[in-house]
Amino acid sequence: MRRKLPFTLLYLLFAVLLNACVATSGPAHTTAISAPGAKLAKYTTYAWYQDPPPTPAAYDPGFTAGLDKNIRQAVEEELKQRGMQKVATTANPDVLLAYDVSVSVPVEKDKPANFAPGFGYSYGYMSGYRYRYSDGGLPGYRPVDLFKEGTLLVDMINPDTNKLVWRGWSEGAVTNFRSNYNKVKQLVTEVLQKLPRS
């Protein structure tokens, strides 16, 4: 009995430490890139690059429209907490926003003619978004379809040049496309924490 007690205590201690590590660590590989000289902290107003499409989106099995709604709501709430105000695209916002989540590409839909340069089949594509901005030569840029499946990306675009000025992402963060709002909010917050405040 005495020999089993230290082993049991050691096992319990290991389990507690492992659980603590898992609970406090965020998604792996959350990072961001920005255009040289971009004054990101000076942005005070934003608009979405494209409003939600008027026609119902066509989702592949396993995906839902709820994720689109949750991501957009979470981004808006996080930016509001940072003091940024959402305005209409006609009100000359400081920056435009777009988001995407990389997904596996069905062979029958993997046609370059369907996408703008730098884009590919993705959650945004399924949601009916057709982004047409340029990567602007952003250092470290790669197209959405080159990210691991489930990667959440948030883009900021200069409305005057139609070029990408900031991209934040969390590699493979979305493991459940039916995730509830709280989970999506956590992921969005972690990505937008990479946005400079000053």
Side-chain angles (χ1 to χ4, degrees), residues 26-33 46-80 84 86 88-89 93 95-135 138 141-157 159 162 164 166-195:
H29 310 300
T30 301
T31 191
I33 53 177
Y46 74 91
W48 286 102
Y49 187 86
Q50 181 181 341
D51 291 327
T55 55
Y59 292 95
D60 287 341
F63 301 98
T64 68
L67 183 62
D68 173 52
K69 177 178 175 257
N70 288 343
I71 291 173
R72 289 172 69 94
Q73 181 182 340
V75 167
E76 290 178 7
E77 285 185 10
E78 182 65 23
L79 292 180
K80 184 176 182 180
M84 291 186 72
K86 180 183 175 185
T89 39
V95 69
L96 297 174
L97 295 180
Y99 88 88
D100 220 322
V101 179
S102 60
V103 299
S104 58
V105 185
V107 175
E108 67 277 7
K109 296 180 180 178
D110 189 15
K111 300 174 184 174
N114 289 342
F115 315 111
F119 295 88
Y121 188 77
S122 59
Y123 207 82
Y125 179 80
M126 278 194 285
S127 298
Y129 299 107
R130 299 294 183 270
Y131 305 130
R132 297 283 176 186
Y133 49 88
S134 144
D135 63 58
L138 202 64
Y141 173 84
R142 53 186 155 135
V144 173
D145 55 349
L146 293 185
F147 284 92
K148 178 179 177 183
E149 181 175 3
T151 298
L152 170 65
L153 303 99
V154 179
D155 287 348
M156 291 190 159
I157 303 98
N162 200 38
L164 192 63
W166 183 87
R167 167 174 279 178
W169 70 90
S170 192
E171 193 95 27
V174 181
T175 55
N176 178 1
F177 287 83
R178 299 174 188 273
S179 294
N180 64 34
Y181 178 72
N182 289 335
K183 177 62 176 170
V184 171
K185 177 81 164 77
Q186 177 188 344
L187 297 175
V188 166
T189 298
E190 288 172 0
V191 170
L192 290 179
Q193 279 178 346
K194 297 292 182 180
L195 188 63

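- Panel note: side chain Asp155, backbone Arg167; no donor-acceptor pair is recorded below 3.5 Å.
- Looking only at distances, no side-chain donor or acceptor of Glu149 sits under 3.5 Å from a matching main-chain atom of Gly172.
- For the pair Phe177 and Gly62, the tightest heavy-atom approach, listed with the atom from each and the gap, is CB-O, 3.6 Å.
- No side-chain donor from either of Gln186 and Tyr181 sits under 3.5 Å from a side-chain acceptor of the other.
- Heavy atoms only, all atoms of each residue included: Met126 and Ala57 are closest at O-CB, 3.3 Å.
- Remark: side-chain polar atoms of Thr151 are not paired, donor with acceptor, to backbone N or O of Phe147 under 3.5 angstrom.
- In this model, a donor atom of one side chain and an acceptor atom of the other lie less than 3.5 Å apart for Tyr99 and Asp68.
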Run Lys194 and Trp169 through side-chain contact (heavy atoms from CB on, under 4.5 Å) and show every step you take. CA-CA 9 Å; Lys194 297 292 182 180; Trp169 70 90; over 6 Å; no
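- Between Leu67 and Val101, the shortest heavy-atom contact is CD2-CG2, 4.5 Å.
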Go through it in stages, so that I can follow the logic: the residues are Asp51 and Tyr129, the test is side chain to side chain donor-acceptor pair (under 3.5 Å), and I'd like the CA-CA distance, side-chain angles, deciding distance and then a yes or no. CA-CA 8 Å; Asp51 291 327; Tyr129 299 107; over 6 Å; no
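- Taking the six-membered ring where the residue is Trp, Tyr131 and Tyr133 present tilted rings, their angle falling between 30° and 60°.
- Looking only at atom types and distance, the side chain of Thr30 has no donor-acceptor partner in the side chain of Glu190 under 3.5 Å away.
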Checking side-chain contact (heavy atoms from CB on, under 4.5 Å) for the pair Lys185/Gln73: CA distance, chi angles, key distance, verdict? CA-CA 8 Å; Lys185 177 81 164 77; Gln73 181 182 340; over 6 Å; no
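- Contact check on Glu76 versus Lys86 returns a salt bridge, with a Lys/Arg side-chain nitrogen under 4.0 Å from an Asp/Glu carboxylate oxygen.
- Side chain of Ser122 to main chain of Val103: no donor-acceptor pair is present (N/O by atom type, distance under 3.5 Å, no hydrogens or angles).
- The nearest pair of heavy atoms linking Pro93 to Pro159 is O-CG, 3.3 Å.
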Stepwise side chain to side chain donor-acceptor pair (under 3.5 Å) test for Asn162 and Tyr49: CA-CA 10 Å; Asn162 200 38; Tyr49 187 86; 2.9 Å; yes
Quick one, Tyr121 with Ser104, criterion side chain to side chain donor-acceptor pair (under 3.5 Å). Give me CA distance, side-chain angles, the key distance, then yes/no. CA-CA 8 Å; Tyr121 188 77; Ser104 58; over 6 Å; no
